[in-house]
Amino acid sequence: MEKVWSILKRQKYRIVGAHSAVKICHWTKQSLTEGRVCYKQRFYGIESHRCLQMTPSVAWCTHKCLFCWRPVEYNEDAPAKYDDPEEIIEGCIEAQRELLSGYHGFLEKVDINKLKEAENPTNVAISLAGEPTLYPDLSGLIEGFRKRNFSTFLVTNGTTPEVLSSMNTYPDNLYITLPASTKDTYEHVCNPQISNGWEKLNESLELLPKIKTKRRILRLTLVKDFNMGDIGKYSKLIEKANPDFIEAKAYMYVGYSRKRLEVGNMPTFEDILEFCKKLEEESGYRAIDSASDSRVVLLSRD
C-alpha cells in the first residue's frame with residue numbers, strides 16, 4: 001500500500017483516511033487562475049472553482065483500463081475496515097482547503113473572493129479514481145454531502161448493478177461509463193478484474209432507466225483506434241440504457257495512461273464531432289452542446 005500512496009502523493013493527490021483521496025481538478029485551477037471553466041459548468045451549471053473532486057476508493061477497482069490516469073498496476077484489495085462517511089467528507093473538505101492554500105501566494109493571478117469560495121465547495125464529483133461503488137456506504141456518503149447542500153455527481157463503471165439497485169440515496173447526476181460497444185473491445189480496453197464485467201455492465205444499463213434521479217448520463221470515453229467503431233452497436237446499448245444525456249468524450253493523454261497508449265490514441269475534437277454525427281443517425285439523440293477544449297459533445301434525446 002505504501003507504494004500506491006507514494007505514487008499518488010507525487011501526482012498531487014491528498015490521501016484522506018484509509019482509502020479516500022482528493023485532487024484539485026485541472027479545471028478548478030483554470031477557473032481560479034485563468035477564468036476558464038469545465039464543461040460541467042457549461043452543461044450543468046456547476047461552478048468549476050467550487051467543485052470537490054474525490055473518491056472513497058482510490059486504490060481499488062474492478063477494471064484496469066488502458067485509458068485510466070491512475071497507476072492501475074498497483075490495484076489493491078478492498079480494506080478490511082472502512083471509514084465512516086462523515087469522516088471522509090470532513091477529511092476531503094479539509095484536504096481541498098490544504099491543497100488550495102498555496103494559491104494565497106499568487107493573489108496577483110487569483111481572485112481572492114473566488115479562492116475563498118473554492119475553499120467552501122458546493123459540488124462533489126465522486127469520480128477521481130477507483131470504482132466508488134465498492135465503498136459500502138455510498139448512500140451515506142451522498143446523503144452526508146447533500147446535508148451540506150452539495151450537488152452530487154457519481155461516476156461508475158457499471159460493474160456493480162447490485163449496488164445501484166439497492167442504494168437509498170442517488171446522486172443528482174449519475175454517470176455510467178460505456179467504454180465499448182462489444183464484449184471483445186470492452187475486455188481489451190478495460191481489462192476487467194472480474195469474469196463477468198461485460199454482463200454486469202449490461203445489467204447496469206438495463207437498470208439505469210428505473211433509477212429516479214435528476215440526470216442519468218452515459219459517458220462514452222473514446223480512444224482512437226480502440227473503441228470508436230461499431231456505432232450501431234453503441235446505439236443498441238444506448239437504447240437499453242435510455243439516458244437523459246450522453247457525453248461523448250475523448251480520452252486524454254495524461255497520467256499513467258501514457259505508459260499504455262500513444263498520444264495518437266487521443267481523438268481530436270473533430271474526431272469526436274464526426275463520431276457524434278454518426279451516432280445521431282443511429283441513436284435518435286442529438287448534439288445540443290460541446291466544449292472543444294475538453295473534446296466533449298453533449299447529446300440529448302429528441
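All values derive from a computational prediction rather than experimental measurement.
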Do [X] and [Y] make a side-chain contact, defined as non-hydrogen atoms from C-beta onward lying under 4.5 Å apart?
X: Leu32; Y: Lys109; value: no
X: Phe145; Y: Leu52; value: yes
X: Pro267; Y: Met228; value: yes
X: Phe150; Y: Ile89; value: no
X: Trp69; Y: Leu128; value: yes

Pair Glu131, Thr156: side-chain N/O donor-acceptor within cut-off below 3.5 Å: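 Yes, a side-chain donor-acceptor pair sits under 3.5 Å.
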Between Ser127 and Tyr175: side-chain donor-acceptor atoms closer than 3.5 Å: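 No donor-acceptor contact under 3.5 Å links the two side chains.
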Pair Arg216-Asn242, side chain to side chain donor-acceptor pair (under 3.5 Å): steps then yes or no: CA-CA 9 Å; Arg216 297 162 302 155; Asn242 192 30; 5.9 Å; no
Atom pair CZ/CD1 of Arg295 and Ile272 - distance to nearest 0.5 Å: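 Taking CZ in Arg295 and CD1 in Ile272, the distance rounds to 8.5 Å.
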Inter-residue atom distance Thr55.OG1 - His19.NE2, 0.5 Å rounding: 9.5 Å
Aromatic ring pairing Phe275/Tyr234, orientation class (parallel under 30°, perpendicular over 60°, tilted between): perpendicular
Geometric class of the Trp60/Tyr82 ring pair [parallel <30°, tilted 30-60°, perpendicular >60°]: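 Geometry flag for Trp60 against Tyr82: tilted rings.
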Side chain to side chain contact (heavy atoms under 4.5 Å, CB included) partners of Ser31, counting only residues at least two apart: Val37, Ser48, His49, Lys114
Under the side chain to side chain contact (heavy atoms under 4.5 Å, CB included) test, residues paired with Glu87 that sit two or more places apart: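 Side chain to side chain contact (heavy atoms under 4.5 Å, CB included) check on Glu87 returns Asp83, Asp84.
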Full working for side-chain contact (heavy atoms from CB on, under 4.5 Å) between Leu279 and Ile238: CA-CA 10 Å; Leu279 188 61; Ile238 290 166; 3.8 Å; yes
Over 12 non-hydrogen atoms of neighbours within 6.0 angstrom of NZ in Lys116: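 Check fails, neighbour count at 12 or below.
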More than 12 heavy atoms from other groups under 6.0 Å of CD on Glu187: yes
Does any N or O in the side chain of [X] come within less than 3.5 Å of the main-chain N or O of [Y], such that one atom is a donor and the other an acceptor?
X: Asn191; Y: Cys65; value: no
X: Tyr170; Y: Ile142; value: no
X: Ser283; Y: Tyr285; value: yes

Basic-acidic side-chain contact under 4.0 Å: Arg219, Glu247: yes
Same apolar cluster (I L V M F W Y, side chains within < 4.5 Å links), Met167/Ile217: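 Result: no, two separate clusters.
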Summary of salt bridge (charged side-chain N to carboxylate O under 4.0 Å, His left out) pairs that have at least one residue in residues 157-186, sequence neighbours excluded: Arg146-Asp172, Glu162-Lys200, Lys183-Glu199
Worked check of salt bridge (Lys or Arg N to Asp or Glu O under 4.0 Å) between Arg148 and Glu86: CA-CA 11 Å; Arg148 290 165 172 81; Glu86 289 298 312; 2.6 Å; yes
Pair Leu220-Leu218, side-chain contact (heavy atoms from CB on, under 4.5 Å): steps then yes or no: CA-CA 6 Å; Leu220 276 57; Leu218 280 190; 4.2 Å; yes
Charged tip of Lys40 within 45° of Tyr44 ring normal and under 6.0 Å: no
